[in-house]
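See below for the structure under consideration.
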Amino acid sequence: MRESDPRIVLGLHRSRYERRILTSALDLGIDAIDTSFNYHGFSAHSALAKAANDLLPRFKVSTKVGFFQAAGQAEHSLDPVRLRKAAEKTIRDLGRVPDLVFLHNPERSLHNLSAGSRNALDMACAALASAVADGLCGAWGVSSWDPRPLPGLVEDSTPRPDVFMVRAGLLAGADVLDAAEALATRWDLGSDQLWGMSPFGGSTEDPLWSSLDARMFIRATGSGLSRVQAVFRTAYSLPRVGAVAVGTDDPCHLRDLIASLRYDTDDTSVNAYRRLLRERADRQPR
Ligand SMILES: NC(=O)c1ccc[n+]([C@@H]2O[C@H](COP(=O)([O-])OP(=O)(O)OC[C@H]3O[C@@H](n4cnc5c(N)ncnc54)[C@H](OP(=O)(O)O)[C@@H]3O)[C@@H](O)[C@H]2O)c1
């Protein structure tokens, strides 16, 4: 068993919730898993408990609340009462208190920069801060796929999350990266409190990943590093994050991801890429 490495969080969004990947993760030193109230058809927490009840105490478990089941589909809500109930149900289904609960994609219910949206965000954040105070979770965070509206809504009164998770990597656009960094500054978060997610945009099968050689973003082009590994490693620099939530059901793939962390990104080429993203965004009609 290897020493634990906090830089990789095994994301269970697309997972089959099988025991094998969880035991492999622990053997490989990955002891953080990220799931959500709505993953696996709203049954992720019970599926996890069923597959690996005995292993769960060995993991740092993060999950998310914000999507709810309604008339056979998912609906988003920032209603503090619903968020609280979801946090309570999470404990029942998981059979333990999660280490971290994220407010899931708050932007989905924040349609404008009005006082109403500001208030809704503050109340939702306060509901999660209260959940921590009441022992329903160890810490709370915000997880945002599209953080662009958030910097305009966060005020001094907005409770400060312990962790902020954002889309990361080569597919995150300039505005998303800028918004993530603005929020990290606003909340005064250290890089270990900033997590990236979805480094491959959900799939390594996308033709983009075989056309683009992301090894150009790696310092002293490490021999033996694959393109997929380079894409993953680069996600830690776009934006600069301390951990990345990445999905895999394959222990060999997880081993490859871990191996990529031996390499460093090349700041010059990453910064040049960011400039290109910014120029491209500036050319888009607003
Ligand atoms: N709004 C939110 O809060 C939000 C949104 C999206 C994602 N997330 C978080 O981020 C996590 C990851 O995101 P994601 O699942 O969207 O996508 P992802 O991590 O970008 O991509 C996952 C895919 O990459 C493949 N893969 C991983 N490592 C590989 C390797 N070494 N070689 C080849 N293929 C590899 C996996 O296939 P195999 O199984 O075959 O390895 C899997 O299908 C989620 O589980 C969740 O925790 C959060």
Side-chain angles (χ1 to χ4, degrees), residues 7-18 20-22 24-25 28 30 32-40 44-45 47-48 59-67 74 76 78 86 98-110 128 140-150 161 163-172 176 179-180 183 194-210 214-215 224-236 238 241 243-263:
R7 291 174 295 173
I8 294 183
V9 178
L10 179 63
L12 302 178
H13 180 20
R14 295 161 211 284
S15 175
R16 293 191 291 270
Y17 286 77
E18 292 169 355
R20 181 179 78 134
I21 188 63
L22 297 169
S24 301
L28 294 168
I30 304 306
I33 49 178
D34 180 66
T35 185
S36 183
F37 194 78
N38 63 317
Y39 288 177
H40 207 57
H45 296 147
L48 202 47
F59 280 106
K60 297 180 191 85
V61 180
S62 60
T63 187
K64 313 183 198 75
V65 292
F67 287 96
H76 193 267
L78 293 178
D99 297 282
L100 174 61
V101 173
F102 288 105
L103 183 61
H104 199 175
N105 292 358
E107 66 273 12
R108 288 287 292 264
S109 292
L110 302 169
L128 291 197
W140 75 279
V142 171
S143 172
S144 172
W145 182 252
D146 182 359
R148 288 176 298 171
L150 300 183
V163 178
F164 178 40
M165 177 155 75
V166 281
R167 188 155 37 126
L170 291 158
L171 292 179
V176 165
L183 284 160
L194 196 55
W195 293 10
M197 61 160 122
S198 208
F200 303 115
S203 172
T204 47
E205 300 297 314
D206 189 308
L208 174 68
W209 301 134
S210 45
R215 288 174 289 199
L225 193 74
S226 72
R227 290 179 181 216
V228 164
Q229 285 175 307
V231 170
F232 177 65
R233 188 67 186 97
T234 306
Y236 288 79
L238 289 168
V241 292
V244 171
V246 57
T248 181
D249 272 327
D250 184 332
C252 295
H253 288 171
L254 187 56
R255 214 169 275 122
D256 288 345
L257 298 172
I258 295 167
S260 75
L261 298 181
R262 289 200 305 267
Y263 298 86

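Every number for a ligand or one of its atoms is a count from 1 in the order of the listing.
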S36 vs N38, side chain to side chain donor-acceptor pair (under 3.5 Å): CA-CA, chis, key distance, verdict
CA-CA 5 Å; S36 183; N38 63 317; 2.6 Å; yes

For D34, the ligand 1 atoms whose distance to one of its heavy atoms is below 4.0 Å
46 (C), 47 (O)

Please state which protein non-hydrogen atom is closest to atom 16 (O) of ligand 1 and give its distance, to 0.1 Å?
R14 NH2, 2.8 Å

What protein heavy atom lies closest to atom 13 (O) of ligand 1? Include the residue and the distance to one decimal.
S198 CA, 3.4 Å

CD1-CG distance between I30 and L22, expressed to the nearest 0.5 angstrom
12.5 Å

Taking atom 22 (C) of ligand 1 as the reference point, the nearest protein heavy atom with its distance:
G247 O, 3.3 Å

Return the residue, atom name and 0.1 Å-rounded distance of the protein heavy atom closest to atom 1 (N) of ligand 1.
N105 OD1, 2.7 Å

Close-contact set for ligand 1 against L257 heavy atoms, below 4.0 Å:
28 (N), 31 (N)

Kindly compute the distance separating OH (Y39) from CZ (F67), expressed to the nearest 0.5 Å.
9.0 Å

Return the CZ to CG distance between F232 and L261, rounded to the nearest 0.5 Å.
5.5 Å

Counting heavy atoms only, which of H13, M197, R108 comes nearest to atom 9 (C) of ligand 1?
M197

Heavy-atom proximity to atom 41 (O) of ligand 1 ranks first, among V142, L12, T248, for T248

Test of understanding: with side-chain contact (heavy atoms from CB on, under 4.5 Å), list the residues that count as partners of V176, not counting sequence neighbours.
D146, P147, R148, R167, A172

Quick one: look up the protein heavy atom nearest atom 34 (N) of ligand 1 and list residue, atom name and how far away it is.
T204 OG1, 2.9 Å

For atom 3 (O) of ligand 1, what's the nearest protein heavy atom and its distance?
S143 OG, 2.5 Å

Under 4.0 Å from a heavy atom of G201: which atoms of ligand 1 are those, numbered in the order shown and with their elements?
20 (O)

Ranking A235, G66, G202 by closest non-hydrogen atom to atom 18 (P) of ligand 1, top hit is G202

Tightest non-hydrogen contact, residues L171 and W209, listed as CD1-CZ2, 3.6 Å

When you measure from the heavy atoms of Y39 to every atom of ligand 1, does any distance fall below 4.0 Å?
yes

Output yes when a side-chain donor or acceptor of S109 lies under 3.5 Å from a complementary backbone atom of P106, and no otherwise.
no

D34/K64 salt bridge by N-O under 4.0 Å criterion
yes

Between F67 and ligand 1, which part of the residue brings a heavy atom under 4.0 Å of the ligand: side chain, backbone, both or neither?
neither

For atom 38 (P) of ligand 1, which candidate among H253, K64, H104 holds the nearest heavy atom?
H253

Within the distance-only criterion (no hydrogens, no angle test), does the side chain of H45 pair as donor or acceptor with the backbone N or O of T35 below 3.5 angstrom?
no

Applying side-chain contact (heavy atoms from CB on, under 4.5 Å), can you list everything that pairs with R227, at least two apart in sequence or on another chain?
D213, R215

Do the side chain of Y263 and the main chain of Q229 share a donor and acceptor less than 3.5 angstrom apart?
no

Can you tell me which residue and heavy atom of the protein come closest to atom 39 (O) of ligand 1, and the distance to 0.1 Å?
D249 N, 2.9 Å

Of the protein's non-hydrogen atoms, which lies at the shortest distance from atom 11 (C) of ligand 1, and what is that distance?
A245 O, 3.5 Å

